[in-house]
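Notes to accompany the following structure.
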Amino acid sequence: MAHATGASVRSIRHYDQHGLLASERAANGYRAFQAVAVTQVKQIQRLIATGFSLEEIRSFPDCMLLIEGAQACANITETQRKRLAMLERQIEALENQRQRLRAMLIESSDVKTTR
């Protein structure tokens with residue numbers, strides 16, 4: 001599974017423990033997954049990369065995990081819009097911090113050059 005998805009073994013175990021994947025134990029003690037789990041892991045990674053937590057992903061409808069690259073299911077679009085709005089607020093706050101820091105550095109260098 002790790003090789004097929006690019007996810008670490010630890011991540012796959014973590015997804016399994018949080019109920020995002022279904023596995024069974026093989027006779028050798030290894031986890032055995034259905035073929036659809038490859039798609040599920042890739043979709044989980046994609047959703048995590050956009051900022052969703054495992055708890056949020058667990059609440060998503062199955063269609064979000066069963067179709068790799070699924071853009072949205074009808075009942076998740078609002079959740080995605082809220083996530084985007086939150087990210088935009090964070091970006092704006094970071095831009096403001098950057099501007100204030102730049103201003104402080106400019107003021108600091110002006111003080112040094114006038115002395």
Side-chain angles (χ1 to χ4, degrees):
M1 179 64 62
H3 187 290
T5 62
S8 69
V9 172
R10 184 174 182 224
S11 292
I12 293 168
R13 283 187 193 131
H14 194 65
Y15 304 156
D16 190 26
Q17 289 169 349
H18 279 82
L20 293 169
L21 300 173
S23 69
E24 295 179 6
R25 291 286 179 176
N28 62 5
Y30 291 152
R31 287 177 172 84
F33 296 93
Q34 294 180 355
V36 71
V38 171
T39 298
Q40 291 173 312
V41 169
K42 289 180 180 180
Q43 186 66 350
I44 291 166
Q45 290 176 313
R46 185 171 179 259
L47 292 167
I48 288 171
T50 60
F52 289 105
S53 69
L54 292 182
E55 185 176 320
E56 290 170 315
I57 295 169
R58 191 174 42 247
S59 74
F60 292 168
D62 287 342
C63 65
M64 288 301 294
L65 296 179
L66 296 177
I67 304 167
E68 186 177 345
Q71 294 301 311
C73 298
N75 47 351
I76 193 176
T77 303
E78 186 58 29
T79 303
Q80 289 174 318
R81 285 188 179 123
K82 287 178 182 176
R83 169 69 59 191
L84 180 60
M86 183 193 74
L87 289 172
E88 288 172 347
R89 286 189 304 272
Q90 288 176 334
I91 290 168
E92 183 178 349
L94 288 170
E95 285 287 336
N96 289 335
Q97 287 177 357
R98 181 172 68 175
Q99 288 174 1
R100 286 191 297 272
L101 183 55
R102 280 185 175 161
M104 289 172 66
L105 288 169
I106 290 169
E107 288 173 12
S108 175
S109 66
D110 286 345
V111 169
K112 288 181 182 177
T113 58
T114 58
R115 289 186 185 181

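Keep in mind that this is a model prediction, so the values were computed, not measured.
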Contact list for residues 10-21, test side chain to side chain donor-acceptor pair (under 3.5 Å), sequence neighbours left out =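 Residue pairs passing side chain to side chain donor-acceptor pair (under 3.5 Å), neighbours aside: Ser8-Ser11, Asp16-Ser23, Asp16-Arg31.
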Are the side chains of [X] and [Y] in touch, meaning some heavy atoms are under 4.5 Å apart?
X     : Y     : value
Ile12 : Phe33 : yes
Leu84 : Thr50 : no
Val36 : Gln40 : yes

Closest non-hydrogen atom pair between Leu21 and Ala37, with its separation =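 Nearest pair, atom of Leu21 first, then Ala37: CD2-O, 4.2 Å.
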Glu78, CD: over 12 other non-hydrogen atoms inside 6.0 angstrom |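 Enclosed: over 12 neighbouring heavy atoms sit under 6.0 Å from CD of Glu78.
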Just wondering, more than 12 heavy atoms not from Gln34 lying within 6.0 Å of its CD?
->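 For Gln34, atom CD is not crowded (no more than 12 foreign heavy atoms under 6.0 Å).
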What's the spacing between [X] [atom1] and [Y] [atom2] if we round to 0.5 Å?
X     : Y      : atom1 : atom2 : answer
Gln99 : Leu101 : CD    : CG    : 11.0 Å
Gln45 : Ile57  : CD    : CD1   : 10.0 Å
Ser53 : Leu47  : OG    : CG    : 10.5 Å
Glu95 : Gln97  : CD    : CD    : 10.5 Å
Phe60 : Leu20  : CZ    : CG    : 10.5 Å

Side-chain donor-acceptor pairs under 3.5 Å in residues 86-93, sequence neighbours left out?
none

